[in-house]
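Down below is the structure, laid out as C-alpha cells.
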Amino acid sequence: MVTVEKQQYMADLTVDLAPSNPRELVLRNPVIPASGCFGYGLEYSPMIDVQRLGAFVCKGITPKVRSGNPMPRITETPSGMLNAIGLQNPGIDGFIRKYPPTWEHWRVPAIVNISAESVEDYAMMARKLDDVAGIAGIEVNISCPNIEAGGFCFGWDARMSETVTQAVRKATTLPVIVKLSPGALDIMEIASAVEGAGADAVSLINTLVGMTIDPRTRRSKIANLTGGLSGPAVKPVAVRMVYQVASVVKIPVVGMGGISGVQDALEFFMAGASAVQVGTAVFSTPSMLTRLIDELGMWLDSNGCTSLNGIVGAANPAFGTRGESTF
Amino acid sequence: MVTVEKQQYMADLTVDLAPSNPRELVLRNPVIPASGCFGYGLEYSPMIDVQRLGAFVCKGITPKVRSGNPMPRITETPSGMLNAIGLQNPGIDGFIRKYPPTWEHWRVPAIVNISAESVEDYAMMARKLDDVAGIAGIEVNISCPNIEAGGFCFGWDARMSETVTQAVRKATTLPVIVKLSPGALDIMEIASAVEGAGADAVSLINTLVGMTIDPRTRRSKIANLTGGLSGPAVKPVAVRMVYQVASVVKIPVVGMGGISGVQDALEFFMAGASAVQVGTAVFSTPSMLTRLIDELGMWLDSNGCTSLNGIVGAANPAFGTRGESTF
Amino acid sequence: MREFQGIITAKHPVMGDSWLMTFTAPTEVLHAARAGQFVNVLPRERAVYDPLLRRPFSVYGVAPDEGLMTILVRPYGRGGGWIVDRNIGSEIDVMGLLGNRFDIAPRSTHLLMVGGGVGAAPLLMLAREAVARKLSVTYLLGAANAGALLEASEIPGEVEYVVATEDGSAGYHGFVTDLVPDYLQWADQVFACGPGPMFESLRSVVLANRMGKRPSVQVSVERTMACGVGACLGCMVETKRGMKTSCVDGPVFDMDMVQW
Amino acid sequence: MREFQGIITAKHPVMGDSWLMTFTAPTEVLHAARAGQFVNVLPRERAVYDPLLRRPFSVYGVAPDEGLMTILVRPYGRGGGWIVDRNIGSEIDVMGLLGNRFDIAPRSTHLLMVGGGVGAAPLLMLAREAVARKLSVTYLLGAANAGALLEASEIPGEVEYVVATEDGSAGYHGFVTDLVPDYLQWADQVFACGPGPMFESLRSVVLANRMGKRPSVQVSVERTMACGVGACLGCMVETKRGMKTSCVDGPVFDMDMVQW
Ligand SMILES: Cc1cc2nc3c(=O)[nH]c(=O)nc-3n(C[C@H](O)[C@H](O)[C@H](O)COP(=O)(O)OP(=O)(O)OC[C@H]3O[C@@H](n4cnc5c(N)ncnc54)[C@H](O)[C@@H]3O)c2cc1C
Ligand SMILES: Cc1cc2nc3c(=O)[nH]c(=O)nc-3n(C[C@H](O)[C@H](O)[C@H](O)COP(=O)(O)OP(=O)(O)OC[C@H]3O[C@@H](n4cnc5c(N)ncnc54)[C@H](O)[C@@H]3O)c2cc1C
Ligand SMILES: Cc1cc2nc3c(=O)[nH]c(=O)nc-3n(C[C@H](O)[C@H](O)[C@H](O)COP(=O)(O)O)c2cc1C
Ligand SMILES: Cc1cc2nc3c(=O)[nH]c(=O)nc-3n(C[C@H](O)[C@H](O)[C@H](O)COP(=O)(O)O)c2cc1C
Ligand code: FES
Ligand code: FES
C-alpha cells in the first residue's frame, strides 16, 4: 500500500543515521518501529501506512532458523511487559529469500536486526546482507538477553562489543547501527568503544532482564525463566542512558524504551537522540506510529523549530560542546 | 502506640536475618518498610501500628548533616517514581541523639541505613552505632545513586563492596545487612563478595538510575538531573535479581522493589527472599504494611504451610541444592 | 483490520458476573465479522499505562444495520474489570477484526457446539451463522451453577440448547463434556471453546468415543497476546505443522493438529 | 490522620472544567478539619499502578452532621481526570487530614483572601471559618474568564466577594493581584492560594505597598508529594528557618519566611 503522504506540518524531519557512510541512511522522519515489535513490516500493513515511516527494523535474524522459546513467552507487568520470544526466525538464508524482494519495492527503508553467538556469525550475516537489494541498513543486536551465550552478552563488555562491531564493519558497507544493552555497567564506555570500531550509529535501549513469578504455580510466568522488560516502565532508565550516550559519542543516537506518544519521543530527542524507535507501544496502538510523525512535526511548528535538529540534545549540555561529557 | 496484636493467622512468620551472628536479628514477621520511605518510624505512627512490623529501616544516615538536593526531588513515572532526595538527614551524631532513645522503648526492631563516600566513614558510623541502645541492626547502603562519588558507586564493584563490608563488619558486632545496587553488572558476584566479607544478610534492590525530561522546560524533571527509579515498574528486575542472588548466597536475602501487596511479596519469597521490604507502596497505602502481614499469614494457612520457610525459594531450584547456582 | 473508537450503547449483565457490552463499530468491520474472530480492547485510558496490553474478546454478535457489535466480558481481573466499568456513552478503543474463523464444512448439516464459561461467546455467533444457513445445531453449555449459564433467550430458537452445571442447579449435574459422547454419532462437526481443563476432558472424551477422525473438532484456544497481528510471536500454539500464531493462524485450530 | 474509603454522594460542576466532589468521611476527620489542610486521594484502583501517587486536594468544605467532605478537583491531568470520572456511589480512597492550617491571629478582624483558580478551595473553607467567628472577610478571586470563576452562591453571604478576569468578562479586567493594594491598609491578615505566577505578583505587590510587615501574608504552596506525612522529604520548601516539608510543616507558610 504505497499512498501519497498528506503532510500536516512544515518542519524538516529528515535525519541521516549514517552521515559518514557513503551509502548513507537518510530517513524522511525519525520514527522507526523497533525490532521484534513490527514483524517484517507486513503484519501492520493492513492497519497503517507503513511507507510513511522513517524506517522499520525487522525481527531479529540469526545465522540458522530458530523456532524460539517454549510458551508462555510473554507476560504483562506494571506498565510493561516481559518477553522471551527466543528469536524465532527463518535464519539468515531463509530471511534473504523471503522478505527483501518485497521490501525492494517499498519506499520505507528496511533495517535488518541481527543476533548471533559468535563474532564470525555476526560477520557472516553482515556479509550475506551486504548487497541484498531492499535492505537499507543493519542493526547489530549485541544485547539480546534471551540467548544463552554463557549468560554473558556481548554488549556488557566494551572489548567484545568493539570486536563484533569491527567484524561487522569489515563485512559490509551498509550503514551499521549497533544496539546497546542496558545491562552494561557503563553504557558510555560501550558506546564509545562501538563508535571507535566504526559503527555509523548506536541505538538503545534493548530490554532489561526481568522475571515474574506466579504464586499459584510457584514458577516463572515465562517458560524461559527470565524475559526482557520493555514498555513505559523502563522509559526513565532509557532516557537516562540515551542522555549519557549522547553526551559522549558524535555518531547519531537512536533512542527507545517505552515511547508511547509524542511527549515521550520529545524526551528522547531532547536527551540527544536523532531518531526514535517504538516497540511495545505499537502493540497497543499501531496508529501511534504515523500519528507520532504528524504530532512531532506539528509540535516543532508550534514551537518555532524549522527542523528536528532544533531540539536534538536541547536538554543535554553536551550538545553545546559536543563531544565533551558532562555526565 | 504499643497495642496488642490480634493475629489472624496460624503460620509461623518468624525469621532471623542474622542467624550466624550472636546478636541475631529475629523478626516476628518478614515485613519491613524500606529506607527513605518510612522516615524514622514516627511519621506513620498516627496511621498504622508500627509495632506490629517485622522491623523498619530508617532514612539513610551519613557521616555529616546533609540538607539534601535542590527541588524538585521527586516525579512520577509510569507505575513508578524517581527520587533524588540527596540523603537529607541530621548526620550520624545528630541522629544518635535524636531517634534511638525513642526506639529503645519500641517492640519493633529498628535498622539503621548508612551511606558514606569512603570506607573509613562507613566504619566510623558502624562503630558509633555499635552499642547504641534502640538499634537492632545496620543496613549498609553501598548503592545510593544520588551521591557524587566519582559517578561510580561502591556497589558496582565486587572489591569495593567487599572492602566496605569488611570494614563495617570489623567496626560493629551488630547484624549487618548489605544493600546491593541493581546497577552492578553481575549482582551475584557482588552478593558473593559481600557474603565472604562477613555480611549477615543482603538486601536488594536499591533504585535504578533514571531520568525524565519535561519537553516544555527542556530540562530534567528532577533538579539533580537523574533520580532513583522505584515502584511497581521495577518489580520484574528486582525479582530476577533476588532470584539470582538467592541462588548463590547462603545468608538471608531481603527482597524489595515494587512490592505493593501480598501477591508481590510472595513472588520475592518464592524467588528466595527470607524477608521483604516495602518502599514506594507505603506512600500510597500505608495500611498495606500491616495488612501484608495478615494476608501473608492467611495465605500460608490456606496453602498448607505452617511457616514462611515453606515457600522461601519455592520457585528457585537452588533451594533444593542450596549453594549451587542454577542461573 | 483496523483501530476504531466505539461508543458504548448498551450494557447487559449475563452469566452472573459478566456483561454483554455493545458498542458502535464501522460498517465494514461489522459486515466482515465471522464466528471465531475476535477484537482487541484497550483496557485503560490511552495516557495511563497499566494494565498495558489489549485484551482479546471474541465477537459475540453484530448488528450491521444498527452499526453495533457486542462482546461478552467476564471481569477476571484488571483489564476485564475496567472494561465492564465503562458507562453507556463512554468510548471504547478497539482493534479488529483479528484471527481466523470457525469453518463450517460445505457438507456439514449437524453441528455440535461445546462451550464452557465465556467460551459461550464465539459459539453463539457461530450458532447464529449456522441457523441462518438452516443447519441443525446442538449447543452444550457448562457452568458452575445455573446463575452462571447464558439465558436461553440469548440463544436462537432453532438451536437445541442443553446445559450442564457442576452443582446440578440446572440441567445435567456434572461436566458439560460428559454429554458429548451422546452427540458424536450425530454430529458432522464439533466446535468448542472454554477453559483449559474443559479442552482436556473434551479431548479424552472425543478420542475415546468417536470413530476415527469423524466428527472433526475445531477449538478456539486462549493465549496471552501482545500484538494480535502476528508481529510479536508471543502467542504461539504448537501444532503438528509447527509453531503457529494463535492471533493470525488461530485462535481456531483443528483439535487433532494441536500438540496438547 | 488515617486512610479511609469514602463513598461519593454528589458531583457538582464548577469553574468551567472542575468538579466539587462530595464523599462520606469519618466523623472525627470531619470535626478535625481546618482550612488549609488537605487530603491525599488515590487516583486509581488499588491494583492498577499508573498513575502511582496520591494527589493532594485542599479541604473545600465539611458537613460533620451529614458525614460529608467536599473537595474541588480540577482535572489537569491523569489523576484529576480519573477522580472526576468517578460516579456517585463509587468508592474514593482518601488519606487525611494532612498538613498545617491557615492561622487567624486572635486580634485579627479584617481578613483579605486572594485566590487564583482552584486555589479558591482552601480559602473558601477559611472564609466560612472566619464568618462563623464574625470576622470581616474580603475574598478576591481571579480567573481567565467569567466561566472559570466560583459561583457567588458558593460564597457565604457575609463575605465581600470581588472578582477579576483576565479577559474582562466579569468584574475587574486584569489580574486579581492588581486589586490587592486597595485592601492592604484595611486587612489585618492576608491569605493566598493560587498558581506560581500569582504568588510572584502577589509578593511584589505586597512588598511594594504594605507598611513594614503588616499585614502578614500566609500562602498555601504546591509541591509534588509522595507520602504526605513527612517521611519521604520530597516536598520541601526552602524557608529562612531551613528546609521544611510542605506536607507537615506546610502547605501554609508565612510569605516572608519562604525563600522565593
Ligand atoms: C482469542 C481470545 C478470545 C477471548 N474471548 C473472550 C471473551 O469473549 N470473553 C471474555 O471474558 N474473555 C475472553 N478472553 C479472555 C480475555 O481476553 C482476558 O484475558 C481475560 O478476560 C482476563 O483479562 P483481565 O485483564 O480481566 O485479567 P488479568 O488481570 O489479566 O488476570 C487476572 C487474573 O485472572 C486470571 N485469568 C486471566 N484470564 C483468565 C481466563 N481466561 N480464565 C480464567 N482465569 C483467567 C489470571 O490468571 C489472573 O490471575 C479471550 C481470550 C482470547 C485469547
Ligand atoms: C497542598 C495541595 C493542595 C491542592 N489542592 C488542590 C485542590 O483543591 N484542587 C485541585 O484541583 N488541585 C489541587 N492541588 C493540585 C493537585 O493535587 C494535582 O497535583 C493536580 O490536580 C494535577 O494532578 P493530575 O493528576 O490531574 O495531573 P498530572 O497528570 O499530574 O499532570 C498533568 C499536567 O498538568 C500539569 N499540572 C499538574 N498540576 C498542575 C497545577 N497545579 N497547575 C497547573 N498545571 C498543573 C502538569 O505539569 C502536567 O503537564 C493541590 C496540590 C497541593 C500540593
Ligand atoms: C516482543 C518483543 C520482541 C523483541 N525482539 C527483539 C529482537 O528480536 N531484537 C532486538 O534487538 N530487540 C528486540 N526487542 C526489543 C525492542 O526492539 C526494544 O529495544 C525494547 O522493547 C524497548 O523498547 P519499547 O519499550 O518501546 O518496547 C523485542 C521487544 C519485544 C517487546
Ligand atoms: C523517596 C525515597 C527515598 C529513598 N531513600 C533511600 C535511602 O536513604 N537509603 C537507601 O538505601 N534506599 C533509599 N531508597 C530506596 C528504597 O529503600 C528501595 O530500595 C527502593 O525504593 C525500591 O523499593 P520500592 O520499589 O518498594 O520503593 C529510597 C527510595 C525512595 C522512593
Ligand atoms: S499476539 Fe503477537 S503474534 Fe500473536
Ligand atoms: S510528601 Fe513526603 S515529606 Fe512531604
Side-chain angles (χ1 to χ4, degrees), chain B residues 33-48 56 58-60 65-89 221-223 227 230-233 235 258 260-261 263-264 279-288 291, chain D residues 1-5 26 28-29 32 39-56 76-79 93-98 196 221-239 241-250 258-260:
Chain B
S35 180
C37 304
F38 204 66
Y40 298 92
L42 302 152
E43 293 80 355
Y44 281 103
S45 291
M47 298 197 65
I48 64 165
F56 71 92
C58 75
K59 175 68 194 161
V65 53
R66 288 176 60 108
S67 58
N69 285 328
M71 292 287 294
R73 293 178 174 183
I74 55 176
T75 190
E76 199 178 56
T77 68
S79 294
M81 65 177 280
L82 289 174
N83 89 81
I85 306 301
L87 289 174
Q88 178 181 338
N89 81 96
K221 287 192 186 173
I222 296 275
S230 64
K235 195 185 63 177
S260 309
Q263 295 292 317
D264 299 329
T280 305
V282 175
F283 301 151
S284 302
T285 312
S287 61
M288 200 266 292
R291 209 167 51 233
Chain D
M1 194 200 305
R2 51 175 292 188
E3 279 175 70
F4 62 88
Q5 304 290 320
E28 78 270 23
V29 171
V39 294
N40 265 358
V41 178
L42 195 73
R44 53 176 170 91
E45 299 289 343
R46 277 202 178 173
V48 169
Y49 298 115
D50 192 42
L52 187 68
L53 300 172
R54 287 178 183 266
R55 300 294 192 263
Y76 284 109
R78 308 188 308 158
D93 185 331
V94 185
M95 195 170 130
L97 298 161
L98 304 173
V221 302
E222 234 184 70
R223 288 284 183 280
T224 305
M225 292 187 185
C227 71
V229 301
C232 75
L233 307 178
C235 68
M236 309 312 284
V237 172
E238 213 181 321
T239 74
R241 297 210 183 103
M243 284 287 207
K244 299 285 176 188
T245 60
S246 71
C247 61
V248 173
D249 303 325
V258 176
Q259 301 275 21
W260 294 95

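Just so you know, these numbers come straight off a predicted model, no measurement behind them. Chain identifiers are assigned alphabetically (A, B, ...) following the order of the sequence lines, protein sequences preceding nucleic acid strands; residue numbering begins at 1 within each chain.
- When each of M243(D), M236(D), M1(D), R44(D) is scored by its heavy-atom pairs under 4.5 Å with chain B, the top score falls to M236(D).
- Options G39(B), S79(B), A281(B) differ in how many heavy-atom pairs under 4.5 Å they form with chain D, and the most are formed by S79(B).
- Ranked by heavy-atom pairs under 4.5 Å with chain B, the first of L52(D), V248(D), T224(D) is L52(D).
- Remark: A226(D) pairs with I74(B), M81(B), F283(B), L53(D), C232(D) by the side chain to side chain contact (heavy atoms under 4.5 Å, CB included) rule, at least two apart or across chains.
- Across C37(B), G231(B), S260(B), G279(B), the residue that shares the most heavy-atom pairs under 4.5 angstrom with chain D is S260(B).
- Note: L233(D) CG to E43(B) CD = 8.0 Å, rounded to the nearest 0.5 Å.
- Distance SG/C227(D) to CZ/F38(B): 11.0 Å, rounded to 0.5 Å.
- The part of D264(B) that comes within reach of chain D is its side chain, from C-beta onward, which places non-hydrogen atoms under 4.5 angstrom from that chain.
- For P232(B), the part lying under 4.5 angstrom from a heavy atom of chain D is the side chain only.
- Ranked by heavy-atom pairs under 4.5 Å with chain B, the first of M95(D), M225(D), E238(D), R2(D) is M95(D).
- Rounding to the nearest 0.5 Å gives a distance of 7.5 Å between CE of M47(B) and CG of L98(D).
- Of the two parts of L42(D), only the side chain, counted from C-beta on, holds a non-hydrogen atom closer than 4.5 Å to a non-hydrogen atom of chain B.
- Your options are G36(B), G261(B), P70(B), A233(B), and the one with the most heavy-atom pairs under 4.5 Å with chain D is G36(B).
- T280(B) touches chain D through its side chain: at least one heavy atom from C-beta onward sits under 4.5 Å away, while N, CA, C and O do not.
- Salt bridge R54(D)/E76(B): absent, no basic N to carboxylate O contact under 4.0 Å.
- Put simply, the side chain of E3(D) gets close to the backbone of S287(B): a donor and an acceptor are under 3.5 Å apart.
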